[in-house]
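Remarks on the structure that follows.
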Amino acid sequence: MKEHIKKLLRKSCLLALFLTTVGMQGLYAQKTVTGTVLDEANQPIPGANVVVKGTNNGVVTDFDGNFSIEASSENVLSISYIGYADQNVTVGNKATITVTMEPDVQQLEDVVVIGYGTVKKSDVTGFCITYRF
């Protein structure tokens with residue numbers, strides 16, 4: 001009789017563990033989230049970074065500003081691009097997300113391009129592209 005109870009307890013524990021695991025997978029299930037990143041004029045932004053916040057999971061938008069990434073409904077997507085303020089979007093139950101980036105004037109003021117001086121071609125080693133202005 002004791003052996004029968006032990007088997008029944010063992011099966012019950014395994015069933016409880018299985019149901020708990022299946023329930024947890026439903027909570028944190030990964031899904032494919034697609035979307036588009038646009039500028040303030042509703043034009044696509046190619047090369048914008050889309051990252052699942054707190055992870056190394058990230059992608060870059062294509063030529064048409066589109067992206068596709070694996071994320072769960074609890075995840076937050078962080079979208080960034082030079083010259084624009086970062087945007088954070090909670091995935092929730094959305095399968096498609098459209099993000100409109102807002103210009104960040106302060107960030108644009110931090111970018112400095114310097115293009116002066118001369119160097120002899122023979123002094124440069126490796127591969128180099130020469131621009132003449």
Practice task
Following the transitive rule for hydrophobic clusters with a side-chain heavy-atom cut-off under 4.5 Å over Ile, Leu, Val, Met, Phe, Trp and Tyr, establish whether V59 and V91 coincide in one cluster.
Solution key: yes

Practice task
Using modelled atom types only, decide if a donor and an acceptor are shared between the side chain of T61 and the backbone of A48 within a distance under 3.5 Å.
Solution key: yes

Practice task
Would you give the length of the straight line joining atom CG of L77 to atom CD1 of I97, rounded to the nearest 0.5 angstrom?
Solution key: 5.0 Å

Problem - Spatial distance of atom CD1 (I45) from atom CD1 (I82) [nearest 0.5 Å] - result: 11.5 Å

Problem - Separation between CD of Q87 and OG of S78, rounded to the nearest 0.5 Å - result: 9.0 Å

Exercise for the section: From the options N49, V89, D86, select the one residue that forms a side chain to side chain contact (heavy atoms under 4.5 Å, CB included) with I79. Expected result: V89

Completion exercise
Shortest non-hydrogen pair, M101 vs Y81, comes out as CE-N, 4.1 Å

Handout entry: Closest heavy-atom pair and its distance - Y84, D39
Key = OH-CB, 3.5 Å

Handout entry: Least distance between heavy atoms, A71 atom then V33 atom
Key = CB-CG2, 4.3 Å

Handout entry: Contacts of type side chain to side chain contact (heavy atoms under 4.5 Å, CB included), residue T32, not counting sequence neighbours
Key = T34, S68, E70

Problem - For the student: nearest non-hydrogen atoms of P44 and G65, plus distance - result: CB-N, 3.8 Å

Problem - From Q30 atom CD to N57 atom CG, the distance as rounded to the nearest 0.5 Å - result: 7.5 Å

Problem - D64 side-chain N/O to N66 backbone N/O, donor-acceptor pair under 3.5 Å - result: no

Problem - Residues which pass side chain to side chain contact (heavy atoms under 4.5 Å, CB included) with N42, listed by chain and number, not counting sequence neighbours - result: L38, T100

